[in-house]
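The structure under discussion appears below in the form of structure tokens.
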Amino acid sequence: MSKISLIIQREYLIRVRKKSFLIMTIIGPILFAAIMVLPAWLATRDSTENRVMVLDRSGLFADKFQSSKSVVFENVKGDETSQKQQVLEGEEHNLLLVIGEISGQKLPEIHLFGQSNPPLEVISMVEKQINGELKNIRLKASGIDPALVESINPEVEVRTSVLSEEGEKDGGSLAATIVGYGAGFLIYMFIFLYGSQIMMSVMEEKTSRVVEILVSSVKPFELMLGKIVGVALVGLTQFLLWVVLSFAVSTAAGKLFLDKSKVQNETQASVGKPDIETKAESKGMAMISELKNVDILKLSVCFIVYFLGGYLLYSALFAAVGSAVESQQEAQQFMMPVTIPIILSIVLAQFVIKDPHGSLAFWLSVFPLTSPVIMMVRVPFEPPVWQIILSMLMLVAGFLGTTWLAGKVFRVGILMYGKKVTWTEIAKWLKNG
Amino acid sequence: MTPSIETRNLTKQYGQHRALDNLSFSIPKGSVYGLLGPNGAGKTSLIRIINQITGPDSGEVFFEGQPLGPSHISRIGYLPEERGLYKKSKVGEQLLYFARLKGLSQQEALERTKDWFIRLDIKEWWNKNVEELSKGMAQKVQFIASVIHNPEFIILDEPFSGFDPVNSNIIRDEILRLHSEGATILFSTHRMDTVEELCSHILLLDKSKMVLEGPVKQVRDEFKTHLFVAVTKAPIDFEKFPWEPSAECINLEGQDGYKSSFRIPETRQSNELVLDLIQAADLVSFAEELPSFHDIFVQVVGKNKMVL
């Protein structure tokens, strides 16, 4: 037992002390925070200003254009060629919008010129404003008051609730989808990342023949188990550090960003421009409150169980592959059957999310090779408790099974040199071991 | 005295291939035991069984009279032929790890490792990564790793390969020191000069079977051809000489004189030949030509091949 702990200790320390671990630990939360905060930050940030000259031949739209922070419209008169020249020089204006004559029901010809391809933002803004104005004109022409149309435009929203014995509770399918998929993906990533680390480390010991010394001191099975547990602890450490750091970074960044946007909102509100943005914001708020409804404790417990179970199950298989081969290329053919179920489970996760209580979801979340990802995707949708327990028991059984099989392959494989291993060979080891 | 290692009817099978066939021998305590044999004869299989890396299919192994078991692991040292160290780990740390895996406490491991670093004068290597070391340097580290726990029984598989003559001598002296301190040593080697120089006993394996076993002197006696070589100042006149020389060596002129060789029949003594030689010419030297282990090896293994 003390020898296993020695192996665990070494496997843990060499990885934790590596520069790459430190870098990953620091970069992980920064990336995470960046994903969360960057889009919002970019939206509030002043981007390069587009100054658009509007040459309106129809005379219908010239005064109607509303400038925004990043796009400024300015009416011009005169002839097209000289304006184009101005765009080419690009001192004051970098874009030229030419609106053609309008006659009857025919749509005007609209042409945007720029030194380079005009930004999509400007194009959609122009389209939206012209469409809106045209709609108003046509409504008026038909004798309908545009304000009336605005007032009868329906905008319903569906509120979801989950009924249970304890009463009803605000549901959140969107939040459940995001949380479930995120957790499933995280498990998928960890299994791959750390599973392949196990494989590499076994291969290193085999090709460098360190294993000869090791197995004259410890049993191959102890060696394998020590490695697997050591790396699992590295994974957990990294994950916990990520959680703590991400939380710290995103709170700090969020605070900074929220203060700014609040000020902006106030100024915008005072100008009096209640439009789509605020609606989007309220939707965001709803999402956040939905997130709060997710049972964090249950989710965390499930996550840790499936993370560890899935990792242990797969890492034993990865260790067996590493022990059987002598080079990366050789490893490929044996990796395939190990990686297929895990890739399959992340691919099928999207169907599971669409129907989280269907039979596909059930079977995949009970089968140990796919359950870590699939059950994690399902947990936020609150599957029956007996299914979770069944799935966990199956996972434990699966882990014991793969470790037992992997141990047999490992024991023979690590001492087998200079021989290309085939599937029939491995089958023989399993039979004889 | 209880032998260090004793095997009885040891057999190991790998699929269709029989790696060891009914091996019974014992390694006396305090001996330097040479394990010889051509490639694929079963040497590695035998070593792996003694190291408990694998187990035999049938037969028994005894360590100091007890059936070989896990408690003996810390009393056996093993230098594998295929050398292996963690390339990206520091030398000192790595040795500590191996020592602790052999059951030493942290403190003991540290003391022993430091001792070895001082003894082999490699103190400055402690914090180096193994990949920075030359092949010979890494070999030294590997040697330390195999004996760091002061084992009573040391298995050395080709211990001198990869060493230059100077380092080779350093390692040989260390092996002899460990031997003089009471360790029993099992040598697996192809180098017959090492066998002649160091071994007190040998075991020759061929095609999974034991073909020769015993003390070096006894084995040599078995292969004695009763051939004697005499060097004389002047050539011998064989017209008048009462002994018949071997056809391939008659008055061959050399630096010291003229060399002739004689095969003495079982019925006569070498002293009789010496007396006759002294009368015939000035005798410079007279010696029995003993078979070298190289010759014995080739003779035994070669004969086995002929049968096949």
Side-chain angles (χ1 to χ4, degrees), chain A residues 1-15 17-21 200-223 226-227 230 326 408 410-419 421-422 424-429 431-433, chain B residues 13-16 40 44-45 47-55 57 70 72-90 93-106 109 129-131 138 141-149 151 153-155 157:
Chain A
M1 200 58 214
S2 71
K3 281 181 182 172
I4 290 194
S5 67
L6 267 177
I7 295 170
I8 293 174
Q9 202 183 332
R10 176 172 191 280
E11 295 291 330
Y12 181 80
L13 286 178
I14 51 162
R15 289 194 169 72
R17 279 188 316 205
K18 263 189 193 156
K19 276 195 200 94
S20 55
F21 180 83
M200 297 302 289
S201 130
V202 171
M203 271 170 62
E204 189 208 332
E205 273 171 9
K206 185 184 177 183
T207 51
S208 73
R209 309 292 159 99
V210 176
V211 78
E212 293 256 344
I213 304 184
L214 294 178
V215 294
S216 67
S217 310
V218 296
K219 288 207 188 81
F221 191 72
E222 292 176 308
L223 176 63
K227 270 181 179 305
E326 279 180 80
K408 286 183 161 195
F410 191 85
R411 211 178 53 196
V412 185
I414 45 168
L415 292 169
M416 190 71 74
Y417 303 120
K419 200 171 165 192
V421 175
T422 58
T424 39
E425 189 97 16
I426 290 186
K428 221 184 280 166
W429 298 350
K431 217 172 72 194
N432 293 337
Chain B
Q13 190 94 20
Y14 286 111
Q16 291 298 308
T44 309
S45 300
I47 289 176
R48 282 187 176 169
I49 288 174
I50 297 175
N51 268 318
Q52 301 179 57
I53 294 175
T54 55
D57 292 332
H72 300 129
I73 281 176
S74 60
R75 296 163 71 183
I76 299 177
Y78 173 40
L79 177 73
E81 183 185 8
E82 297 275 5
R83 307 299 151 75
L85 295 165
Y86 290 107
K87 292 194 176 59
K88 297 201 189 301
S89 290
K90 302 223 160 72
E93 235 164 59
Q94 202 162 147
L95 284 173
L96 282 179
Y97 177 58
F98 291 140
R100 297 215 51 202
L101 279 183
K102 285 285 183 191
L104 263 58
S105 72
Q106 173 72 26
N129 279 347
V130 169
E131 58 188 352
V141 175
Q142 187 100 50
F143 178 76
I144 298 174
S146 58
V147 296
I148 188 91
H149 53 299
F153 188 77
I154 304 173
I155 302 170
D157 202 344

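In what follows, chains carry the letters A, B, and so on, assigned in the order in which the sequence lines appear, proteins first and then strands, with residues in each chain numbered from 1. For clarity, every value in this text was computed on a predicted model and none was experimentally measured.
- A:Lys206 places a side-chain N or O within 3.5 Å of a backbone atom of A:Gly413 that can act as its donor or acceptor partner.
- Looking at B:Ile49 and B:Thr54, their side chains come closer than 4.5 Å, going by heavy atoms from C-beta outward.
- Within the 4.5 angstrom heavy-atom criterion, only side-chain atoms of A:Val218, from C-beta onward, approach chain B.
- With hydrogens and angles disregarded, a donor-acceptor distance shorter than 3.5 Å links the side chain of A:Lys3 to the backbone of B:Leu101.
- With a threshold of 4.5 angstrom between heavy atoms, B:Ser146 does not approach chain A through any atom at all.
- For a residue to count as touching a neighbouring chain, one of its non-hydrogen atoms must lie under 4.5 Å from one of that chain's; by this rule B:Gln94 does not touch chain A.
- With respect to chain B, the highest number of heavy-atom pairs below 4.5 Å among A:Arg10, A:Glu205, A:Glu212 belongs to A:Arg10.
- With 3.5 Å as the limit, one finds a donor-acceptor pair spanning the side chains of A:Ser201 and A:Lys227.
- In this structure, the portion of B:Tyr78 lying under 4.5 Å from any heavy atom of chain A is its side chain and not its backbone.
- Listed for the B:Gln142 side chain is a donor-acceptor partner under 3.5 Å among the backbone atoms of B:Gly84.
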